[in-house]
Amino acid sequence: PRPRAGARRARKPFEEATKAAVAAREAAEAAREEAEARRAEAVEARKEAVAAREAAEASHAVALKARKEAESTRAKQEEARKKAVAAREKAEAAREAAVAAREKADQEAADAEAAREKAEQTAADAVAARAEAEESRRVADAAVESSVEAFQKAKAALDDVKDKFRNAGRGRLWFMERELEHAKQFMSKKQLAALAK
């Protein structure tokens, strides 16, 4: 029995060392597995971080593009607004010019109508004046003929009296001739020309 007890005692440290080695190996294996799990988690976390960074960069790029597009759209809208304002101002100026041109045309038409009416009235007045002048000329011609005829009758009567009373006194005949000559002084050139015929 004693040798067994000695062997047991001698084996005990070996067994304890073996147990300790097994425990240490198991602990090391557990630590390795935990380290590998942590490393796998770290790799996964790194992948997720890279993916998140890439997603953030992509989102940032999309946001930049959207901002540029928005700025471009805003610039285009501002340019379109300026063009619309300019077109509206141009249209307003054209409308005012058209109104002014229409008013000027209306005024010119009214002036032309007034001038036409005045011309027609002037023409009518001229026709009336001409007719009046014609009538005055006709009356004057008739008066000339009448006065010439009366003068010629008076002269003929005087000549007849002179023939009948050749030996009579010359005083009264001289007076009548003198009156006829005196009447000639008040005759117009037209009347004198008619007498000369």
Could you walk me through whether Glu78 and Arg81 pass the side chain to side chain contact (heavy atoms under 4.5 Å, CB included) check?
-> CA-CA 5 Å; Glu78 181 64 18; Arg81 188 188 68 79; 2.7 Å; yes
Begin from the C-alpha positions of Glu134 and Arg137 and carry the test salt bridge (Lys or Arg N to Asp or Glu O under 4.0 Å) through to its verdict.
-> CA-CA 5 Å; Glu134 288 289 335; Arg137 186 180 64 80; 3.1 Å; yes
Test salt bridge (Lys or Arg N to Asp or Glu O under 4.0 Å) on Arg116 and Glu113 and set out the steps.
-> CA-CA 5 Å; Arg116 185 187 65 79; Glu113 180 64 18; 2.4 Å; yes
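Interatomic distance, Arg67 CZ to Arg74 CZ, rounded to the nearest 0.5 Å: 10.0 Å. The CD atom of Glu92 sits 9.0 Å away from the CZ atom of Arg88 when rounded to the nearest 0.5 Å. Separation of atoms CZ (Arg25) and CZ (Arg32) is listed at 12.0 Å; rounding is to 0.5 Å. Once rounded to the nearest 0.5 Å, the distance linking NZ of Lys83 with NZ of Lys90 reads 12.5 Å. For the atom pair OG1 (Thr73) and CD (Glu69), the distance works out to 7.0 Å, reported to the nearest 0.5 Å.
A salt bridge does not link Glu15 to Lys19: none of the charged nitrogens lies less than 4.0 Å from a carboxylate oxygen. Look at Glu41 and Arg38 and you find no salt bridge, because none of the NZ, NE, NH1 or NH2 atoms lies under 4.0 Å from a carboxylate O.
For the pair Thr122 (side chain) and Lys118 (backbone), a donor-acceptor distance under 3.5 Å is present.
No more than 12 heavy atoms of other residues, nucleotides or ligands lie within 6.0 Å of CZ in Arg130, so this atom counts as exposed by the packing criterion. Within a 6.0 Å radius of CZ in Arg39, other residues, nucleotides and ligands contribute 12 heavy atoms or fewer. In Glu132, the CD atom is not crowded: 12 or fewer heavy atoms of neighbouring residues, nucleotides or ligands sit closer than 6.0 Å.
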